[in-house]
Engineer: 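Structure provided below as structure tokens; questions to follow.
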Amino acid sequence: SAAAALQPLGDEAAVLATLRELSGTSVSLEQLYHTKVGAAVGQVLAAPGMPYAGVMAHGVLQFWHSELDADIKIRLAASV
């Protein structure tokens, strides 16, 4: 799975390759919760020495967030 491919973080080229695969992949909120792929991609944001992967990870997370229904976004914002 993509989450498994990101853990533990390997070299930046390998992480970028995995993020490229994920960049156009739609995932539901249920898939994010059950697979933990969102958490794995989120780990890349704080990974030291991976500036390009961090930027791409941010883009992937923004894409997934943009695809969520408005009511789900509201519920998520309220739970933070």
Side-chain angles (χ1 to χ4, degrees):
S1 79
L6 291 173
Q7 295 212 2
L9 293 177
D11 64 89
E12 189 171 30
V15 173
L16 282 168
T18 301
L19 289 170
R20 272 188 215 97
E21 290 180 34
L22 294 172
S23 65
T25 303
S26 296
V27 292
S28 68
L29 186 61
E30 285 183 26
Q31 289 172 316
L32 289 171
Y33 280 128
H34 292 294
T35 64
K36 306 287 190 228
V37 70
V41 171
Q43 285 183 340
V44 177
L45 294 174
M50 294 195 181
Y52 300 112
V55 170
M56 184 170 268
H58 187 260
V60 169
L61 292 173
Q62 281 186 317
F63 172 68
W64 289 341
H65 185 266
S66 74
E67 292 203 320
L68 295 174
D69 291 334
D71 62 322
I72 293 173
K73 290 179 188 178
I74 292 168
R75 284 188 290 156
L76 288 174
S79 68
V80 175

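What's counted below: heavy atoms across the whole structure, side chains too, no hydrogens, waters or symmetry copies. For reference, positions follow the sequence shown, starting with 1.
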Engineer: Does one hydrophobic cluster hold both Tyr52 and Val41, with members joined at side-chain heavy-atom distances below 4.5 Å?
Structural biologist: yes

Engineer: Report the residues that fulfil side chain to side chain contact (heavy atoms under 4.5 Å, CB included) with Gln31, sequence neighbours left out, ordered by chain and then residue number.
Structural biologist: Val27, Ser28

Engineer: So which atom in Gly49 and which in Pro51 form the shortest heavy-atom distance, rounded to 0.1 Å?
Structural biologist: C-CD, 3.4 Å

Engineer: If two hydrophobic side chains count as joined below 4.5 Å and joins carry through other members, does Leu45 share a cluster with Leu32?
Structural biologist: yes

Engineer: What side-chain donor-acceptor pairs closer than 3.5 Å can you find for residues 54-71, not counting sequence neighbours?
Structural biologist:
residue : atom : partner : partner atom : Å
Trp64   : NE1  : Thr25   : O            : 2.7
Ser66   : OG   : Phe63   : O            : 2.7
Glu67   : OE1  : Ser26   : OG           : 2.8
Glu67   : OE2  : Ser26   : OG           : 3.3

Engineer: Looking at Thr18, Asp11, Leu19, which hits side chain to side chain contact (heavy atoms under 4.5 Å, CB included) with Val15?
Structural biologist: Leu19

